[in-house]
Undergrad: 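Take a look at this one; I'll ask things after.
Just so we're clear, the structure is a prediction, and the values are computed from it rather than from any experiment. Reminder, nothing fancy here: chain letters follow the sequence lines and each chain counts from 1.
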2 protein chains.
Amino acid sequence: MSSAVDEGDLTAKANIRNAALRLFAERGHDAVTVREIAAAAGVSPALVVHHFGSKDGLRAAVDDYAGQAFDALFSMDEHELAEALTGGSLGSVAEMFARAFPHGSPLPAYLRRLLLVNDPAGAALFGRWYALTRRLLDSMTELGVARPAEDPAVRAAFLLVNDLALVLLRNQVAAAIGVDPLTPEGIARWAGEATAVYTKGAFVATPGQESS
Amino acid sequence: MSSAVDEGDLTAKANIRNAALRLFAERGHDAVTVREIAAAAGVSPALVVHHFGSKDGLRAAVDDYAGQAFDALFSMDEHELAEALTGGSLGSVAEMFARAFPHGSPLPAYLRRLLLVNDPAGAALFGRWYALTRRLLDSMTELGVARPAEDPAVRAAFLLVNDLALVLLRNQVAAAIGVDPLTPEGIARWAGEATAVYTKGAFVATPGQESS
DNA sequence: ACGACTACTGAACAAGCGTTTAGCGTATTG
DNA sequence: CAATACGCTAAACGCTTGTTCAGTAGTCGT
C-alpha cells in the first residue's frame, strides 16, 4: 500500500513537491507523469492538481523551491567566500555545491535540467551567479589574489562555466575518472587539479602565440 | 500545402531525419511529436513510421547521424590537432566545434541534449572524447607543451569538461557577455581568455595552499 | 449539534499521443 | 501488358495523458 517514501512527517503537499523535484531532476519534466508523482508521494493524482492547480503549477512551485535553495547557498557564502578566497583554499561553485547538498540530493541534477532546458528560471539563476562571479573576481583582482584579466567579462564567464560544467557533466566525469566528482574524494582530486591549473597554468606559452 | 523547408533536393527520408534533428535539438525528444516532425518535413506522420519503424527508431537514426558527424569532426582532427598544438594557437574542442558547424546548425544543441540526457549515445561519445583528450595531453606533456599533471586522469577530464561547458551553456554565456561564443567574434574573445588562463594562470598561489 | 471548510479519493472525461491499416498512384520488372 | 514493389497518404485504433467531477471523512468555529 505504501510504496511511497514518506520523508519524515512532512505535509502531503511537501511530499508531492519533493517527489516531483526528484523525478523531474532524474528524468525531466515532460517524461514524468502526474500519476507517477502521485504514486511516489503516496497520494492520488487528483490531490496533486488540488494542491498545485496543474502540472505546470507544480513545476513552477518546484522551480521556485529549487531556486530558493540555490540562492540561499550563494547568499550565505558571499561574505564567507570573500574571506575563504583571501585565506586558504580557493573555493569553487562545484565545491560549495558538493558540500551544501548531501550525497543523493536531487538538487544538482535539477540544476542541470534548469540550465539545459532554456527556461527563464535557469537563465535568471545563471545571470545572478554570473553577476556574483564578476563581483567576486573584481574584489580578488583588487586584493591581488587574482591576476588581472584582459577581458574581465569573458574571464568571469569562463570560470563560472567551468565550475558549472562539473555539475552538468557529473555522471560522465564519474565514468571517466572512476570517482563521482561531487563526493568528498572526488572534490579533493578535482580541486587539486583545478587549483594547479588556475595558479600554475596547464600549457607552456609558445612564441608568437597571442589571442587573435 | 508546402509549409515544409525542403532542404535542397534530398530524399523524403533525409528530410525527415533533418527535421527531427533540428526539432530534437531545440526542444528535446519527448517534447516533439511525430506529427510535428512530419509537418516540418512536409510529409504525413505515417511516412515517418514507414521509413524508421517507430519514433524510437527515428531517434536512433538521428543519434547515429549526429554521432557520425561528431566523430568525423574529431577523427579528421587528430593529426591536424597534433601539429596545431605544437605549432601556433592551441585549439579547443569548442573552437573546432564552432568552426566545423555553420552558424545555425542544430548539431551543437543536439550535442547538448546527448550529453545531458543520460543516454548511452552521449556517454559513449564522451568516453571517446575523453580517451582522445588523454592521449593528446600525454603527447603534449612529452613534447613539453603541456605542464605535467599530478593527476593526469583528472586533468584531462578537467580540460575536456571546460571545453564542453561552452557548448552546453552557450545560450547563457551569450546572454552574459553579449556575444554568442560560437561565432567568430565570440570564439576570439573566449580563446583569448582561455589561453591566458591556461598559460599564465588565473589566481596567485597563496602560501600554505595545497590540494585537499 | 450543525453547517462549513479542508484534505483527499475513485472514476470518468476529452484530447493528444504513437502506431496500424487499407489503399492510392507510379514506377520497375518479367 | 499484367504483376509486383515502392513511396506515400487519410483515417482510424488503442492507449496514456492532464484534468474534472462528485463525493467521503474528518475538523473546526459557533
Side-chain angles (χ1 to χ4, degrees), chain A residues 1-65 110 113 117 119 121, chain B residues 1-65 110 113 117 119 121:
Chain A
M1 195 76 60
S2 69
S3 68
V5 183
D6 293 8
E7 322 214 6
D9 273 352
L10 301 174
T11 75
K13 188 172 179 179
N15 268 329
I16 293 171
R17 182 181 28 67
N18 289 349
L21 172 62
R22 172 152 37 238
L23 287 171
F24 284 165
E26 283 171 8
R27 320 212 313 254
H29 299 102
D30 296 329
V32 177
T33 69
V34 173
R35 284 167 174 83
E36 283 175 316
I37 297 167
V43 300
S44 72
L47 191 63
V48 175
V49 179
H50 172 70
H51 278 308
F52 295 95
S54 67
K55 187 188 181 183
D56 247 34
L58 173 57
R59 179 208 153 102
V62 172
D63 274 12
D64 212 62
Y65 178 75
Y110 197 80
R113 300 281 172 190
V117 182
D119 69 350
Chain B
M1 200 75 56
S2 68
S3 70
V5 183
D6 293 7
E7 322 214 6
D9 273 350
L10 300 176
T11 74
K13 188 171 180 180
N15 268 330
I16 294 170
R17 180 179 30 69
N18 289 350
L21 173 63
R22 172 152 36 239
L23 287 171
F24 284 165
E26 281 170 10
R27 319 210 316 254
H29 299 103
D30 295 330
V32 177
T33 69
V34 172
R35 285 168 174 83
E36 283 175 317
I37 297 167
V43 300
S44 73
L47 191 63
V48 175
V49 178
H50 173 71
H51 277 310
F52 295 96
S54 68
K55 188 188 181 181
D56 247 34
L58 172 58
R59 180 209 152 101
V62 172
D63 274 12
D64 211 63
Y65 178 74
Y110 197 79
R113 301 280 172 191
V117 181
D119 70 348

Undergrad: Applying a 4.0 Å non-hydrogen cut-off, can you work out what Val48(B) is touching in the nucleic acid: base, sugar-phosphate, or nothing?
TA: nothing

Undergrad: Which nucleotide in the set dT19(C), dT9(D), dT19(D) lies at the smallest distance from any side-chain heavy atom of Ser54(A)?
TA: dT19(D)

Undergrad: What is the minimum heavy-atom distance between Val34(B) and Pro45(B), and which atoms define it?
TA: CG1-O, 3.9 Å

Undergrad: With a non-hydrogen cut-off below 4.0 angstrom, is Ser44(B) in contact with a base, only sugar-phosphate, or nothing?
TA: base

Undergrad: Rounded to whole Å, how long is the line connecting atom CG of Asp30(A) with atom P of dT17(D)?
TA: 13 Å

Undergrad: Take atom CG of Asn15(B) and atom P of dG7(D), then tell me their distance rounded to the nearest Å.
TA: 15 Å

Undergrad: Do Asp30(A) and Arg27(B) sit within salt-bridge range, that is, some charged N less than 4.0 Å from a carboxylate O?
TA: no

Undergrad: Closer to the 5' end of DNA chain D via nearest nucleotide, is it Val49(A) or Glu36(A)?
TA: Glu36(A)

Undergrad: For a quick check, tell me whether the side chain of Arg35(B) and the base of dG16(C) share a donor-acceptor pair closer than 3.5 Å.
TA: no

Undergrad: Looking only at heavy atoms, what is the nearest atom pair of Ala19(A) and Ile37(A), with distance?
TA: CB-O, 4.1 Å

Undergrad: Can you tell me how far C1' of dT6(C) sits from CG of Leu47(A), to the nearest Å?
TA: 11 Å

Undergrad: When you get a sec, tell me which of dC8(C), dT19(C), dC8(D) is the closest nucleotide to the side chain of Val34(B)?
TA: dT19(C)

Undergrad: How many Å lie between CZ on Arg59(A) and P on dG18(D), as a whole number?
TA: 13 Å

Undergrad: How close do Arg59(B) and Tyr110(B) get, counting heavy atoms only, and between which atoms?
TA: O-OH, 4.2 Å

Undergrad: How many whole angstroms separate atom CD1 of Ile37(B) from atom P of dC8(D)?
TA: 16 Å

Undergrad: Name the closest nucleotide to the His51(B) side chain, picking from dT19(D), dC8(D), dT9(C).
TA: dC8(D)

Undergrad: Could you check which of dT19(D), dT17(D), dT9(D) has an atom nearest any side-chain atom of Lys55(A)?
TA: dT19(D)

Undergrad: Round to a whole Å and report the spacing from NE2 of His29(A) to P of dG18(D).
TA: 13 Å

Undergrad: Do Arg113(A) and Phe24(A) form a cation-pi contact, if we require the NZ or CZ to be under 6.0 Å from the six-membered ring centre and within 45 degrees of the ring's axis?
TA: no

Undergrad: Over how many whole Å does the gap from Ile16(A) atom CD1 to dT9(C) atom P extend?
TA: 8 Å

Undergrad: When you measure from the side chain of Ala46(B), which nucleotide among dT20(D), dG18(D), dT21(C) comes out closest?
TA: dT21(C)

Undergrad: To the nearest Å, how far apart are Leu58(A) CG and dT19(D) C1'?
TA: 14 Å

